[in-house]
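Counting starts at 1 for both ligands and their atoms, following the listed order. Basis for what follows: all heavy atoms, side chains included, without hydrogens, waters or symmetry-related copies. None of the values given here were measured: they were computed from a predicted structure.
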Amino acid sequence: MPGEFPMVRPRRLRATERLRSIVRETRLHPASLVLPLFVVPGRGQAQEVASMPGVRRWSVDRVSEEAARAYEAGVRSVILFGIPETKDASGTEAWRDEGVVQQALERLRADLPDLTLITDVCLCEYTDHGHCGVLSGEEVENDPTLELLAREAVSHARAGADIVAPSDMMDGRVGAIRRALDEAGHERVPILSYAVKYASGFYGPFRDAAESTPSFGDRKSYQMDPANGREALRELEQDLAEGADLVMVKPALPNLDVLARVREACHVPVAAYQVSGEYAMIKAAAERGWIEEERVVDETLTAIHRAGAGLILTYFAESAARRAAWGSLAARSVDPEVS
Ligand code: PBG
């Protein structure tokens with residue numbers, strides 16, 4: 001009977017790398033990888049982040065060093081996060097035209113003109129309470145926050161951001177930012193919406209790096225419940241209706257099912273964020289010799305890509321890009337042995 005063993009042998013196409021390489025469905029490309037960069041005040045800074053070995057926080061005068069290494073590896077875009085000198089209740093440093101992110105944009109544009117500059121638009125790095133919006137008592141207020149996020153996005157666009165990426169999860173922020181950008185003459189700046197962002201334990205190391213751990217409570221009243229998949233589609237619809245040009249799912253690996261659904265449900269580019277805790281987990285296990293770092297990184301990024309992400313934000317961008325570029329040249333993949 002056709003369709004049965006021994007006529008059917010899926011292993012035939014797996015026998016050699018020669019064959020595997022021509023039937024491979026998913027390939028990483030360096031240009032699909034986006035490198036997150038943390039920018040701190042001061043000069044000459046390259047501060048290590050304890051919970052993210054290999055990741056540093058750069059001052060404006062040095063941030064191009066790291067970006068240039070990634071660019072040279074084939075990475076074509078970075079996303080910037082700012083840690084300001086001073087924080088206050090409403091996060092005013094976020095929209096100061098001489099703020100760290102704004103200065104870093106100018107520096108990177110001058111040093112690496114072909115690099116695409118994305119900025120994270122949120123207040124949690126800039127507020128003294130660490131929440132992503134303004135407070136009334138212990139409530140994170142939605143509507144008054146929109147105006148502040150819009151100011152921040154416009155300030156980033158003015159400083160040269162190619163794409164702005166709101167990550168706050170307030171309702172209506174994509175529309176508010178779109179209107180403000182258009183009014184300020186930035187109608188050509190796209191919005192990458194963190195449309196589906198879960199309230200996740202995987203952001204822990206990022207909050208060390210960005211000094212943005214909430215001083216009380218958690219983010220569950222604005223970020224999504226990890227138990228919900230259909231709600232992701234509702235967030236998606238809303239952000240698309242408000243003018244999102246690209247959408248993101250985050251964290252990536254725990255939400256591949258949601259990523260695949262988002263990919264099916266819309267016709268804009270889809271991104272996924274392999275977040276700080278995903279990075280730290282791989283680093284920690286590899287440090288102990290329990291897993292092979294490069295192999296696991298490539299496997300996770302390939303799975304995220306296969307599930308539907310055209311763009312992947314990852315702290316591994318530079319090293320993964322080097323391997324992806326090399327792999328696509330096929331220099332190493334001619335191994336005739338059965339393995
Ligand atoms: C800001 C923001 C966060 C991340 C990206 N933008 C932290 C958070 O929501 O607490 C997390 C990224 C990471 O963990 O790598 N709101």
K.L.:
For ligand 1, is Tyr279 a contact, meaning one of its heavy atoms is under 4.0 Å away?
P.N.:
no
K.L.:
Looking only at heavy atoms, which two atoms of Gln102 and Ser155 are closest? And how far apart?
P.N.:
NE2-OG, 2.8 Å
K.L.:
Of the non-hydrogen atoms in Lys87 and Thr127, which two are nearest, and what is the gap between them?
P.N.:
CD-O, 3.6 Å
K.L.:
For atom 14 (O) of ligand 1, which protein heavy atom lies nearest, and how many Å away is it?
P.N.:
Ser276 OG, 2.7 Å
K.L.:
Tell me whether the count of non-hydrogen atoms from other residues, nucleotides or ligands lying under 6.0 Å of CD in Glu299 goes above 12.
P.N.:
no
K.L.:
Number the atoms of ligand 1 from 1 as they appear, then name those within less than 4.0 Å of a heavy atom of Ser167, with their elements.
P.N.:
1 (C), 2 (C), 6 (N), 16 (N)
K.L.:
Give a yes/no on ligand 1: does Glu278 have at least one heavy atom closer than 4.0 angstrom to it?
P.N.:
no
K.L.:
With Ile163 as reference, evaluate Leu117, Leu192, Val189 under the side chain to side chain contact (heavy atoms under 4.5 Å, CB included) test and give the passing residue.
P.N.:
Leu192
K.L.:
Applying a 4.0 Å heavy-atom criterion (strictly less than), which segment of Cys122 is in contact with ligand 1: side chain, backbone, both, or neither?
P.N.:
side chain
K.L.:
Please list the nearest protein heavy atom to atom 15 (O) of ligand 1 with its residue and the distance rounded to 0.1 Å.
P.N.:
Tyr315 OH, 2.6 Å
K.L.:
Considering only protein heavy atoms, which is closest to atom 5 (C) of ligand 1, and at what distance to one decimal place?
P.N.:
Lys250 NZ, 2.6 Å
K.L.:
Inspect the surroundings of CD in Glu231 and state if more than 12 heavy atoms from other residues, nucleotides or ligands are less than 6.0 Å away.
P.N.:
yes
K.L.:
Taking only residues two or more places apart in sequence, or in another chain, which ones meet Tyr279 in a ring pair (Phe, Tyr, Trp, His ring centres under 6.0 Å)?
P.N.:
Tyr315, Phe316
K.L.:
Would you mind listing which atoms of ligand 1 come within a distance below 4.0 Å of any non-hydrogen atom of Phe81?
P.N.:
5 (C), 6 (N)
K.L.:
Which bit of Asp168 is near ligand 1, meaning a heavy atom under 4.0 Å away: side chain, backbone, both or neither?
P.N.:
neither
K.L.:
What's the shortest distance from atom 12 (C) of ligand 1 to any protein heavy atom, and which residue and atom give it?
P.N.:
Phe206 CD1, 3.4 Å
K.L.:
Under the side-chain contact (heavy atoms from CB on, under 4.5 Å) test, which residues partner Ala232, sequence neighbours left out?
P.N.:
Val196, Tyr198, Met224, Val258
K.L.:
Relative to atom 16 (N) of ligand 1, which among Gln274, Lys197, Arg207, Arg219 owns the nearest non-hydrogen atom?
P.N.:
Lys197
K.L.:
What do we get for Cys124 next to ligand 1 when only non-hydrogen atoms under 4.0 Å count, side chain, backbone, both or neither?
P.N.:
side chain
K.L.:
Taking the side chain as every heavy atom from C-beta outward, state whether Leu181 and Val154 have any pair of such atoms under 4.5 Å apart.
P.N.:
yes
